[in-house]
*Asks:* 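Next up is a structure, given as structure tokens.
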Amino acid sequence: MWQRREFMRAAVVSTGVAAAGGLLTENASAAARARVVSEKKLDARTRDLTIYSPAMGRNMKVRVLLPRGWSRRRTWPVLWLLHGGTSDYTAWSRNSPIKQMTAHRKVIVVMPEGGPGGGYTNWLVGPQWETFHLVELRVILEQRYKANKRRAVAGLSAGGYGALIYAARHPRAFKFAACFSGYGSTLQPGAPEVLLTGIPGSGAEKFLMWGQPQVNKATWQAHDPLYRAAGLRGTGLYISCARNGVKGPLDPKTAQAVDPAEAFVYYTTKPLIAKLRKLGIPVTTHIYARGTHSWVYFVHEFKRSWPLITKALNI
């Protein structure tokens, strides 16, 4: 039986708030021990890194796309691309034209492993994804590849949630955050039950991430974009999804008629958009009438947001 006291003790770290404009600073010694184990050159611009992560307790994969003419004589803005909950660090390069879109842009693109159902979060008991991404990997990018503090983050599905919550938990650390069909709240009625189905394990194992929603409500709130919406002030925002998940104009004929995943996304995104507007936080939205939870729409929305991303990064 999982002990409530253990979760409450672990939640002290999980609910911590970063200083305005800053990223995670805890586990500094662990970040110092993170190191690149190997670097594989796939082509002139693409590198696959294997990084030993103390936060994760194992080697992790990251794909880095360097700009043409990259050198250590200057610093470079960075675009973080986060994949969905059932994919991996190769997803963006396999399913999107990111390489072609950045062919003449002076930007580093980083595509980190986020795990199957990793949640883009530090688990109460288990993997520490947030520390791996925003402390260990960030430091490696800055030291090894001369990344600077002009950052944007974009993601799809679970990665869209990751983009929102990373930006909200670390105000102004990112110039821009884009969410394509990501969930906008973790605590809307019924949302915890849906989200728990995507966490690896069974039974009590699923509560290793944030604990039980009722018992560990503060931890769930600390990772809810709706609850943390004020932290998005000062960050450019793009949020998009379909209104109901019905097969849309970009879907192939073989696509399913109704996609419940996209309907759930809209259910959790609608209150977030309303909250942002109530707070007076500017957000560009594209809520389209029909469409499934699939790459054809993710890429379409990424292209729509691209001018805003490039402007924010000054590239």
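The figures here come from the full heavy-atom set of this structure, side chains too, leaving out hydrogens, waters and symmetry mates. Everything numeric in this text was worked out from a predicted model, so none of it was measured.
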*Asks:* With a 4.5 Å cut-off on side-chain heavy atoms, are Asp259 and Tyr297 touching?
*Replies:* no

*Asks:* With a 4.5 Å heavy-atom cut-off, do Ile199 and Phe207 have their side chains touching?
*Replies:* no

*Asks:* What do you reckon, is NZ of Lys149 surrounded by more than 12 foreign heavy atoms closer than 6.0 Å?
*Replies:* no

*Asks:* Could you go through Arg63 and Ser93, starting from their C-alpha distance and side-chain angles, then the distance that decides it, and tell me whether this counts as side chain to side chain donor-acceptor pair (under 3.5 Å)?
*Replies:* CA-CA 9 Å; Arg63 180 159 290 179; Ser93 56; 2.7 Å; yes

*Asks:* Is a donor on one side and an acceptor on the other found under 3.5 Å between the side chain of Arg45 and the backbone of Pro67?
*Replies:* no

*Asks:* I'd like to know whether Glu301 forms a side chain to side chain donor-acceptor pair (under 3.5 Å) with Tyr238, so could you lay out the CA-CA distance, the side-chain angles of the two residues, the decisive distance to 0.1 Å, and finally the verdict.
*Replies:* CA-CA 9 Å; Glu301 293 305 307; Tyr238 183 94; 2.6 Å; yes

*Asks:* Identify whether the distance between the nearest side-chain nitrogen and carboxylate oxygen of Arg47 and Glu39 falls below 4.0 Å.
*Replies:* yes

*Asks:* When you measure from the side chain of Arg290 to the backbone of Lys247, do you find a donor-acceptor pair of N or O atoms at a distance under 3.5 Å?
*Replies:* yes

*Asks:* Is it the case that the side chains of Thr50 and Asn59 hold a donor-acceptor pair, with the cut-off being a distance below 3.5 Å and no angle test?
*Replies:* no

*Asks:* Compare every heavy atom of Leu232 with every heavy atom of Ala167, then report the nearest pair and how far apart it is.
*Replies:* CB-CD2, 3.7 Å

*Asks:* Less than 4.5 Å apart, side chain to side chain, heavy atoms only: is that true for Val283 and Ile281?
*Replies:* no

*Asks:* Answer yes or no: is there a side-chain heavy-atom contact under 4.5 Å between Val299 and Pro97?
*Replies:* yes

*Asks:* Please work out which of the three classes, parallel, tilted or perpendicular, describes the rings of Phe298 and Trp295, given edges at 30° and 60°.
*Replies:* perpendicular

*Asks:* Within a reach of under 6.0 Å around NZ of Lys275, are more than 12 heavy atoms found that belong to other residues, nucleotides or ligands?
*Replies:* yes

*Asks:* Over 60° means perpendicular and under 30° means parallel, so classify the ring planes of His170 and Tyr166, tilted if in between.
*Replies:* perpendicular

*Asks:* Name the orientation class of the two ring planes belonging to Trp210 and His223 (parallel below 30°, tilted from 30 to 60°, perpendicular beyond 60°).
*Replies:* parallel

*Asks:* Near Tyr227 OH, under 6.0 Å, is it more than 12 heavy atoms from other residues, nucleotides or ligands?
*Replies:* no

*Asks:* According to the interplanar angle, ranging from 0 to 90°, do the rings of Trp129 and Phe132 count as parallel (below 30°), tilted (30 to 60°) or perpendicular (above 60°)?
*Replies:* perpendicular

